[in-house]
*Asks:* 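Quick one: structure below, then a few questions.
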Amino acid sequence: MTENFNSYIEHIEADFWRELCLTEGELRHYERGMEFARAGEVAPYIGYIKSGILKYVTRSVDGTEHVIGLEFENEFVADFPFSLYGQPAKASIITVTPSDIYCVPSKVIRSRMETDSRMRDIIMQSTVAIFSTVYDRYKSLYSETPQQRYKELIKLHSDLFMKFPLKDIASFLNITPTHLSRLRKNNGQM
C-alpha cells in the first residue's frame with residue numbers, strides 16, 4: 001500500500017518541485033470555491049500547497065460535476081503536464097477550503113525545459129508517475145467494487161469526510177451519495 005493518497009509523490013523528485021515552488025513561487029491565497037485552473041484554458045501555475053485542499057473537476061454535457069482528483073496540504077497542484085506544453089486544461093482545479101499555494105508560472109518552467117536537460121528529465125519522470133497513479137485509479141473503476149474502492153480510499157485518508165462534502169467523495173468513487181451513505185453505514189462509519 002502507498003503511504004500517500006496521491007501515490008505519484010513517492011515516485012517523483014518531490015524535493016526538487018517543493019524547493020522550486022518555495023524559492024521561485026509566489027505565495028497566493030485562494031478562497032474556497034476559487035479556480036486554480038479552469039478547464040479549456042492553459043493553467044497558469046504549478047503549485048505547492050502550503051495549506052488547504054483542492055479537487056479536480058470535470059463536467060458532463062449536462063453540467064454535472066465529476067470529481068476526478070483530490071490534492072492536500074504539502075502536495076502539488078497542477079494541470080500536469082499539459083500546462084507545460086501550453087495545452088488547455090482538461091479539468092478545472094477548485095479549492096475546497098481556503099488555500100495558500102506557492103505558485104510558479106507554468107510558462108517559466110516551459111521556458112526552462114528548452115535549455116535544462118535535468119528539468120526535462122524530472123518532468124518526464126513526474127509525468128510517468130502521475131500517469132501511473134491515474135491509470136491505477138482508472139483500472140480500479142473497472143476491476144474493483146464500489147465497496148473495495150471505498151475501503152481503499154478510507155484506508156488512505158481516514159479523515160476524508162471531515163475535509164470533503166459527501167457528494168465530492170461519492171463523485172470521486174463514481175457512485176451516488178446515497179450509495180456512499182449505505183457503504184459508510186454498513187462499515188460502521190456514520
Side-chain angles (χ1 to χ4, degrees), residues 4-9 11-14 16-18 20-22 24-114 119-120 122-141 163-165 167-174:
N4 292 299
F5 178 82
N6 291 304
S7 60
Y8 72 85
I9 291 174
H11 305 286
I12 65 169
E13 291 194 38
F16 170 86
W17 287 113
R18 186 179 304 105
L20 177 72
C21 291
L22 293 176
E24 297 185 34
E26 172 188 347
L27 184 60
R28 299 174 59 94
H29 180 76
Y30 293 82
E31 288 298 327
R32 180 182 184 270
M34 289 180 69
E35 290 179 319
F36 179 81
R38 179 175 292 156
E41 298 178 9
V42 177
Y45 304 109
I46 287 179
Y48 176 73
I49 306 166
K50 178 182 178 188
S51 64
I53 53 177
L54 298 94
K55 61 184 177 179
Y56 290 70
V57 173
T58 189
R59 296 193 181 278
S60 54
V61 176
D62 68 0
T64 303
E65 179 179 289
H66 301 278
V67 177
I68 59 171
L70 309 170
E71 294 289 355
F72 302 89
E73 184 174 311
N74 299 319
E75 292 185 345
F76 304 95
V77 58
D79 182 51
F80 197 92
F82 307 108
S83 63
L84 300 180
Y85 297 101
Q87 297 176 0
K90 312 273 190 252
S92 294
I93 306 171
I94 302 169
T95 56
V96 175
T97 64
S99 301
D100 292 315
I101 304 170
Y102 287 97
C103 299
V104 177
S106 300
K107 63 184 176 186
V108 168
I109 298 172
R110 186 178 333 145
S111 173
R112 219 183 263 172
M113 283 175 20
E114 295 175 14
M119 175 74 78
R120 282 192 304 272
I122 290 171
I123 289 169
M124 179 59 76
Q125 171 205 39
S126 300
T127 301
V128 169
I130 291 168
F131 174 81
S132 180
T133 296
V134 172
Y135 193 77
D136 285 346
R137 288 182 182 161
Y138 177 74
K139 187 178 64 138
S140 79
L141 286 173
K163 297 178 185 257
F164 290 94
K167 70 176 183 63
D168 286 349
I169 299 168
S171 179
F172 182 75
L173 290 168
N174 201 28

*Asks:* Any non-hydrogen side-chain atom of Phe80 less than 4.5 Å from a side-chain atom of Thr127?
*Replies:* yes

*Asks:* May I ask you to decide if Ala129's main-chain N or O and Ser132's side chain share a donor-acceptor pair within less than 3.5 Å?
*Replies:* no

*Asks:* Quick one, Ile101 with Leu27, criterion side chain to side chain contact (heavy atoms under 4.5 Å, CB included). Give me CA distance, side-chain angles, the key distance, then yes/no.
*Replies:* CA-CA 6 Å; Ile101 304 170; Leu27 184 60; 5.8 Å; no

*Asks:* Within the supplied structure, the quantity of interest is the number of heavy atoms (other residues, nucleotides, ligands) at a distance under 6.0 Å from Arg120 CZ; does it exceed 12?
*Replies:* yes

*Asks:* Step by step, work out the side chain to side chain contact (heavy atoms under 4.5 Å, CB included) result for Lys90 and Phe82.
*Replies:* CA-CA 8 Å; Lys90 312 273 190 252; Phe82 307 108; 4.0 Å; yes

*Asks:* Ile94 versus Phe36: any side-chain heavy-atom pair under 4.5 Å?
*Replies:* no

*Asks:* Is there side-chain contact between Glu41 and Pro88, with at least one heavy-atom pair below 4.5 Å?
*Replies:* no

*Asks:* Is the shortest heavy-atom distance from the side chain of Ile109 to the side chain of Met119 under 4.5 Å?
*Replies:* yes

*Asks:* Looking at every heavy atom in both Arg110 and Gly86, which two are closest together, and how far apart are they?
*Replies:* NE-N, 3.8 Å

*Asks:* Are the side chain of Ser83 and the backbone of Asp79 linked by a donor-acceptor contact shorter than 3.5 Å?
*Replies:* yes

*Asks:* Mind checking the CD-OG spacing from Glu35 to Ser92? Nearest 0.5 Å is all I need.
*Replies:* 4.5 Å

*Asks:* Does any non-hydrogen side-chain atom of Phe164 lie less than 4.5 Å from one of Val96?
*Replies:* yes

*Asks:* What class does the angle between the rings of Phe131 and Tyr135 fall in, given that below 30° is parallel, 30 to 60° is tilted and above 60° is perpendicular?
*Replies:* parallel

*Asks:* Just wondering, are more than 12 heavy atoms of other shown residues or ligands nearer than 6.0 Å to CZ in Phe16?
*Replies:* yes

*Asks:* Residues two or more places apart in sequence or in another chain: which of them pass salt bridge (charged side-chain N to carboxylate O under 4.0 Å, His left out) with Lys163?
*Replies:* Asp159

*Asks:* Got more than 12 heavy atoms from elsewhere within 6.0 Å of CE, Met34?
*Replies:* yes

*Asks:* How close do Ala89 and Arg38 get, counting heavy atoms only, and between which atoms?
*Replies:* CB-O, 3.6 Å

*Asks:* Is the backbone of Gly33 close enough, under 3.5 Å, to the side chain of Thr95 for a donor and an acceptor to pair up by distance?
*Replies:* yes

*Asks:* Tyr30 vs Cys103, test: side chain to side chain contact (heavy atoms under 4.5 Å, CB included). Steps then yes/no.
*Replies:* CA-CA 11 Å; Tyr30 293 82; Cys103 299; 3.8 Å; yes

*Asks:* Among residues two or more places apart or on two chains, list those pairs meeting salt bridge (Lys or Arg N to Asp or Glu O under 4.0 Å) that have a residue in residues 51-60.
*Replies:* Lys55-Glu65, Lys55-Asp168, Arg59-Glu65

*Asks:* Got a sec, which residues hit side-chain contact (heavy atoms from CB on, under 4.5 Å) with Tyr85, two or more places apart in sequence or on another chain?
*Replies:* Pro81, Gln87, Met113, Ile123

*Asks:* Output all residues satisfying side-chain hydrogen bond (donor to acceptor under 3.5 Å, both in side chains) with Glu31, sequence neighbours left out; order by chain, then residue number.
*Replies:* His29

*Asks:* So, Ser99 side chain and Thr97 main chain: donor-acceptor pair closer than 3.5 Å or not?
*Replies:* yes

*Asks:* Would you be so kind as to tabulate the donor-acceptor pairs closer than 3.5 Å made by side chains of residues 42-54, with sequence neighbours excluded?
*Replies:*
unit_1: Tyr45; atom_1: OH; unit_2: Arg28; atom_2: NH1; d: 3.0
unit_1: Tyr48; atom_1: OH; unit_2: Arg18; atom_2: NE; d: 3.4
unit_1: Tyr48; atom_1: OH; unit_2: Asn74; atom_2: OD1; d: 3.1
unit_1: Ser51; atom_1: OG; unit_2: Asp100; atom_2: OD2; d: 3.4

*Asks:* Would Arg137 and Phe172 count as a side chain to side chain contact (heavy atoms under 4.5 Å, CB included) here? Give the steps.
*Replies:* CA-CA 10 Å; Arg137 288 182 182 161; Phe172 182 75; 3.9 Å; yes

*Asks:* Which residues satisfy the side-chain hydrogen bond (donor to acceptor under 3.5 Å, both in side chains) test with Ser126, sequence neighbours excluded?
*Replies:* Trp17

